[in-house]
Amino acid sequence: MSTLHKQAMEAVLQAASHDIVGTLQERGVTDKHSEEGDLAVLDVAILHAYRIFIRICEENGLEVDAGHFADMANDLADEVMQDEE
């Protein structure tokens with residue numbers, strides 16, 4: 001991974017960490033390692049992935065299609081699960 005990619009990833013992770021804290025507070029979750037905490041982290045991760053998807057589409061003149069994003073994410077999840085088995 002290039003230095004630029006590492007810096008970009010670090011920036012995304014910092015933004016996600018900030019959003020996770022806010023989401024936990026909004027939901028009244030005090031234990032971030034609880035099931036509710038896990039769900040908050042997953043929600044933030046999915047939201048950040050969708051925001052990146054939107055930006056990439058916009059930058060490349062593509063139509064933003066939430067259904068396509070969901071289908072691609074589902075396909076990726078299936079592939080990852082198969083790789084783990």
Side-chain angles (χ1 to χ4, degrees):
M1 184 182 303
S2 71
T3 301
L4 181 61
H5 283 102
K6 288 178 185 177
Q7 290 172 338
M9 180 63 71
E10 198 56 41
V12 168
L13 291 174
Q14 287 176 358
S17 292
H18 178 73
D19 287 351
I20 289 167
V21 170
T23 301
L24 292 171
Q25 289 174 345
E26 287 173 9
R27 296 181 184 185
V29 177
T30 56
D31 180 6
K32 84 175 207 176
H33 299 290
S34 66
E35 185 174 343
E36 294 85 9
D38 290 347
L39 291 174
V41 170
L42 288 171
D43 287 347
V44 168
I46 291 167
L47 180 58
H48 275 262
Y50 185 66
R51 287 176 180 160
I52 291 168
F53 174 75
I54 290 171
R55 294 294 301 270
I56 290 170
C57 287
E58 290 173 349
E59 289 291 319
N60 289 284
L62 301 172
E63 182 179 333
V64 176
D65 182 346
H68 185 62
F69 174 82
D71 291 342
M72 290 174 27
N74 189 46
D75 291 347
L76 178 60
D78 289 344
E79 287 176 26
V80 170
M81 284 177 38
Q82 289 175 359
D83 289 346
E84 289 179 357
E85 293 174 351

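Quick note: residue numbers are just sequence positions, from 1.
Taken from CG in N74 to CD in E79, the straight-line distance is 10.5 Å, to the nearest 0.5 Å. Taking OG1 from T23 and CG from L42, the interatomic distance works out to 11.5 Å, rounded to the nearest 0.5 Å. To the nearest 0.5 angstrom, E85 atom CD is 7.0 Å from Q82 atom CD.
Residues L76 and V80 meet the side-chain proximity criterion, which asks for heavy atoms closer than 4.5 Å. Contact check for V12 versus I52: side-chain heavy atoms found under the 4.5 Å cut-off.
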Taking only distance into account, with no hydrogens and no angle test, what donor-acceptor pairs under 3.5 Å do side-chain atoms of residues 56-73 form with protein atoms, sequence neighbours excluded?
| residue | atom | partner | partner atom | Å |
| --- | --- | --- | --- | --- |
| N60 | ND2 | I56 | O | 2.8 |
| D65 | OD1 | G67 | N | 3.0 |
| D65 | OD1 | H68 | N | 3.1 |

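For L24 against A40, the heavy-atom pair with the smallest separation is CD2-CB, 3.7 Å.
Applying the salt bridge (charged side-chain N to carboxylate O under 4.0 Å, His left out) rule to pairs touching residues 13-23 yields D19-R51, sequence neighbours excluded.
Heavy-atom contacts from other residues, nucleotides or ligands closer than 6.0 Å to CZ of R27 number more than 12.
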